[in-house]
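In the text below, chain A, chain B and the rest are named by the order of the sequence lines, each starting its count at 1.
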2 protein chains.
Amino acid sequence: MRYRVGLETRTRILEATRDLVAAQGLEKTTIKAICEKAGILVGSFYNLFESKEEAILTVVADAIRAVGPEDEEATLHELVDAYVDFVEKSETTARVYLMVAVSGGLTDEGIRARMLRHHERRIELFGRALRTARPDMPEEEVRQRVEGLLAALNGMAFHRLLDPSFDFRSYARALLQIGA
Amino acid sequence: MRYRVGLETRTRILEATRDLVAAQGLEKTTIKAICEKAGILVGSFYNLFESKEEAILTVVADAIRAVGPEDEEATLHELVDAYVDFVEKSETTARVYLMVAVSGGLTDEGIRARMLRHHERRIELFGRALRTARPDMPEEEVRQRVEGLLAALNGMAFHRLLDPSFDFRSYARALLQIGA
DNA sequence: GGCGACTTTGAGTGATCATTCTAATTTGAT
DNA sequence: ATCAAATTAGAATGATCACTCAAAGTCGCC
């Protein structure tokens, strides 16, 4: 991939993969379908990616990266709002992210490992914000509350994708009354 | 399926299917794997089920049925507690239920339809309980709050399955401070 | 505009998928 | 014990899967 056309093809492949994964899930997404959607033939795919797994892992990694700005100084409220923004503004990417977050990448070890690392980072990020707001709270309780908050947020985000009329932002903010 | 042995085989097939779906997801579960786990050969499978889809739909329908006693008189607190019991006591079935609840049965139309119907019933059930507790609440707000509560519960349930040390019951109860 | 590196083509490979079929065996009511 | 019906065995089928490869075409530096 040293020429301009190669990079364009790569982009089209990743977009096609993202859309298909969001619509049908990880397992049902085939090379054939990706290539058709990207307007190429299989040979071109394998010129740019080692395997189907590599393309999917790239899409998943991009989705994880798109979730958060990782601002270490952000308040809980800002973090929750940023997550709501992500889900509402990048529905397709959010769908990929949630599918993996929730199934944990049941079979693929690469995806699973990446998502676990991401989850730990999120707990740290939200934990730091909660500790700042509530310096008196015991460390163990901080972690449990953050885990509960993140889990509830993910559940609501999924519902938001199924039902766009759901007022995700309000309920996400309401969760903070428990979480903090 | 008129003989005793046939019914036993059927049960073993459904258990194998349930376990495999819980462990690997809907799409990665193959007839071959089901038959190996059930200790039979493919011919026996097709003597009892029309297709792989029928076996999986049966498992999913059983999981949906296992979720709730559908007690029309139950309070919100009782409903939430019953759901926590379900998740903690029937982990494998709960995993199947959540995978379908969350992915909505992305491809299979039979599963998708069944889960949508179930979701509507749950909203009615929880809505009735919330209206009883808060007769003054506007109808539209009741539905939105119930949807938010159910979504958050599902998210937390998923997290509970990934991390058994998570205190699902406490956080589920805490949600009621928002939901009601 | 020549040339080596990159990209595309598209038929081909072997593995695995769900499903079918026939013959052999087992069941249980009589 | 007999026998029709149910169950099981297991090879075979055709579709589809991820992936390979050699030849033809394109790109962009010189």
Side-chain angles (χ1 to χ4, degrees), chain A residues 1-21 23-61 96 100 105-112, chain B residues 1-21 23-61 96 100 105-112:
Chain A
M1 192 189 52
R2 305 237 187 99
Y3 293 164
R4 185 180 43 81
V5 283
L7 219 142
E8 285 169 4
T9 301
R10 189 186 142 89
T11 302
R12 266 186 293 129
I13 289 174
L14 289 176
E15 285 170 356
T17 305
R18 163 174 44 77
D19 292 353
L20 287 167
V21 167
Q24 318 179 346
L26 294 175
E27 316 295 352
K28 273 234 165 174
T29 298
T30 65
I31 299 274
K32 189 165 175 277
I34 292 172
C35 291
E36 270 170 20
K37 203 172 175 76
I40 58 169
L41 293 178
V42 270
S44 296
F45 179 92
Y46 283 98
N47 177 52
L48 293 164
F49 294 90
E50 288 267 322
S51 64
K52 172 185 156 184
E53 212 179 322
E54 186 192 324
I56 288 188
L57 181 56
T58 304
V59 164
V60 169
V96 171
V100 179
L106 260 77
T107 43
D108 188 303
E109 199 44 55
I111 292 179
R112 184 187 183 77
Chain B
M1 191 187 54
R2 304 237 189 99
Y3 295 164
R4 184 182 42 80
V5 284
L7 218 141
E8 286 169 3
T9 301
R10 189 186 143 89
T11 302
R12 265 185 295 131
I13 289 174
L14 290 176
E15 286 171 355
T17 305
R18 180 204 349 109
D19 292 353
L20 287 167
V21 168
Q24 317 180 350
L26 293 176
E27 316 295 351
K28 273 235 165 174
T29 298
T30 66
I31 299 275
K32 189 164 175 279
I34 292 172
C35 292
E36 271 171 18
K37 202 173 176 75
I40 58 170
L41 292 178
V42 271
S44 298
F45 179 92
Y46 282 98
N47 176 53
L48 293 164
F49 293 90
E50 289 266 321
S51 64
K52 171 185 157 183
E53 210 178 322
E54 187 193 322
I56 288 187
L57 181 56
T58 304
V59 164
V60 169
V96 171
V100 178
L106 260 76
T107 43
D108 187 303
E109 200 44 56
I111 291 179
R112 184 186 182 77

(message) Would you say that more than 12 heavy atoms from the other residues, nucleotides or ligands in this model lie under 6.0 Å from the CD of E53(B), or not?
(response)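 Not buried by this count: 12 neighbours or fewer within 6.0 Å.
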(message) If the threshold is 4.0 Å, N to carboxylate O, is there a salt bridge linking K32(A) and E36(A)?
(response)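 So K32(A) pairs with E36(A) through a salt bridge.
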(message) Please determine whether a side-chain nitrogen of the Lys or Arg among R12(A) and E8(A) lies less than 4.0 Å from a carboxylate oxygen of the Asp or Glu.
(response)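 Here R12(A) does not pair with E8(A) in a salt bridge, since their nearest N and O are not under 4.0 Å apart.
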(message) For the CD1 atom of I56(B) and the CD atom of E27(B), what is their distance to the nearest 0.5 Å?
(response)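 Atom-to-atom, I56(B):CD1 and E27(B):CD are 7.5 Å apart.
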Within this structure, what is the [atom1]-to-[atom2] distance between [X] and [N], rounded to whole angstrom?
{"X": "E54(A)", "N": "dC19(D)", "atom1": "CD", "atom2": "C1'", "result": "14 Å"}
{"X": "R12(A)", "N": "dT7(C)", "atom1": "CZ", "atom2": "P", "result": "13 Å"}
{"X": "L7(B)", "N": "dT27(C)", "atom1": "CG", "atom2": "P", "result": "15 Å"}

Sub-4.5 Å side-chain heavy-atom contact between [X] and [Y]:
{"X": "F49(A)", "Y": "L14(A)", "value": "yes"}
{"X": "I111(A)", "Y": "V100(A)", "value": "yes"}
{"X": "E54(B)", "Y": "L57(B)", "value": "no"}

(request) Residues of residues 42-52 of chain B with any non-hydrogen atom less than 4.0 angstrom from an atom of DNA chain D: list those, numerically ordered, please. (result)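 Per residue number, the list reads V42(B), G43(B), S44(B), N47(B).
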(message) Heavy atoms within less than 4.0 Å of DNA chain D: which residues of residues 30-41 of chain B have one? Give them sorted by number.
(response)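 Within residues 30-41 of chain B, the residues near DNA chain D are L41(B).
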Please report the shortest heavy-atom distance between [X] and [Y], naming the atom on each side.
{"X": "G6(B)", "Y": "L48(B)", "value": "O-CD1, 3.7 Å"}
{"X": "A23(B)", "Y": "L106(A)", "value": "O-CD2, 3.1 Å"}
{"X": "F45(A)", "Y": "I31(A)", "value": "CE2-CD1, 3.5 Å"}

Please write out the pairs of protein N or O atoms and N or O atoms of nucleotides 23-30 of chain D separated by less than 3.5 Å, giving the distance to one decimal.
unit_1: dC27(D); atom_1: O2; unit_2: Y3(A); atom_2: OH; d: 3.3

